[in-house]
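Below: one structure, written as structure tokens.
Just so you know, these numbers come straight off a predicted model, no measurement behind them. Proteins come first, then strands; the chains are lettered A, B, ... in the order of their sequence lines, and each starts at number 1.
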Amino acid sequence: MKYWLLKTEPESFSIQELQNSPNKTTCWSGVRNYQARNFLRDEMKTGDRVLFYHSNANPPAIVGTARVVKEGYPDGTALDEHDHHWDPKSTAENPIWYMVDIQLDRIFAQPLGLDHLRTVAALQKMELLRKGSRLSVQPVSAAEFKEVLKQAGVK
DNA sequence: GCCAACGTTGGC
DNA sequence: GCCAACGTTGGC
């Protein structure tokens, strides 16, 4: 099993919206970065655990966890010319962009803000904390995932 | 709103 | 293949 961190701007799609989604499940569409695409298409597997991160938020924070419930498949929003994420280079025969489905696991009682995460020794190597880190789908080590749960008070 | 850090594009 | 210009991300 692998561990991941997914970023989202809560104004775009928040963990509360995930909780209110049917089956607390959503497709993770709209990723338009090749490195992130490769993780979605090739490496994320059913059952993998996900840290859910709110970027451009007050404060920016890890706000909960989810699980991968469907592995990589073509992102339909890339094929819809009326969609904001439409990409004319992507076709049904040759899709460029991929997504997975995730299901909410839990919302943390206390969000773990960036400033707090930076103080945790065991998390100093997290990609999220690296200056200039922009990747919206990031691998997380098992030790880091475990530490985040510990910081969140999850047993 | 600012701006540093990145990724992408396209001329050459 | 280089790299300047441009667009985007995201903390602050």
Can you tell me how the ring of A/Phe13 sits relative to the ring of A/Phe52, calling it parallel under 30°, perpendicular over 60° and tilted otherwise?
tilted
Protein-nucleotide distance ([X], atom [atom1]; [N], atom [atom2]), rounded to Å:
| X | N | atom1 | atom2 | result |
| --- | --- | --- | --- | --- |
| A/Leu135 | B/dG7 | CG | P | 8 Å |
| A/His54 | C/dT9 | NE2 | P | 17 Å |
| A/Arg134 | C/dT9 | CZ | C1' | 5 Å |
| A/Met126 | C/dG10 | CE | C1' | 16 Å |
| A/His85 | C/dG7 | NE2 | P | 19 Å |
| A/Glu9 | C/dG10 | CD | P | 7 Å |
| A/Ile62 | C/dG10 | CD1 | P | 14 Å |
| A/Arg37 | B/dT8 | CZ | P | 10 Å |

Are A/Asp48 and A/Lys2 close enough for a salt bridge, meaning some N to O gap below 4.0 Å?
no
Hey, any chance A/Val120 and A/Leu129 share a hydrophobic cluster, counting ILVMFWY side chains that come within less than 4.5 Å of each other, even indirectly?
yes
Distance below 4.0 Å between [X] side-chain N/O and [N] OP1 or OP2:
| X | N | answer |
| --- | --- | --- |
| A/Arg130 | B/dC6 | yes |
| A/Lys7 | C/dG10 | yes |
| A/Tyr53 | C/dT9 | no |

Minimum-distance nucleotide to A/Lys89 side chain [options: B/dT9, C/dG11, B/dT8]:
B/dT9
Of the listed nucleotides (B/dA4, C/dG11, B/dG7), which one gets closest to any side-chain atom of A/Asn33?
B/dG7
Does the ring center of A/Tyr73 lie less than 6.0 Å from the ring center of A/Trp97?
no
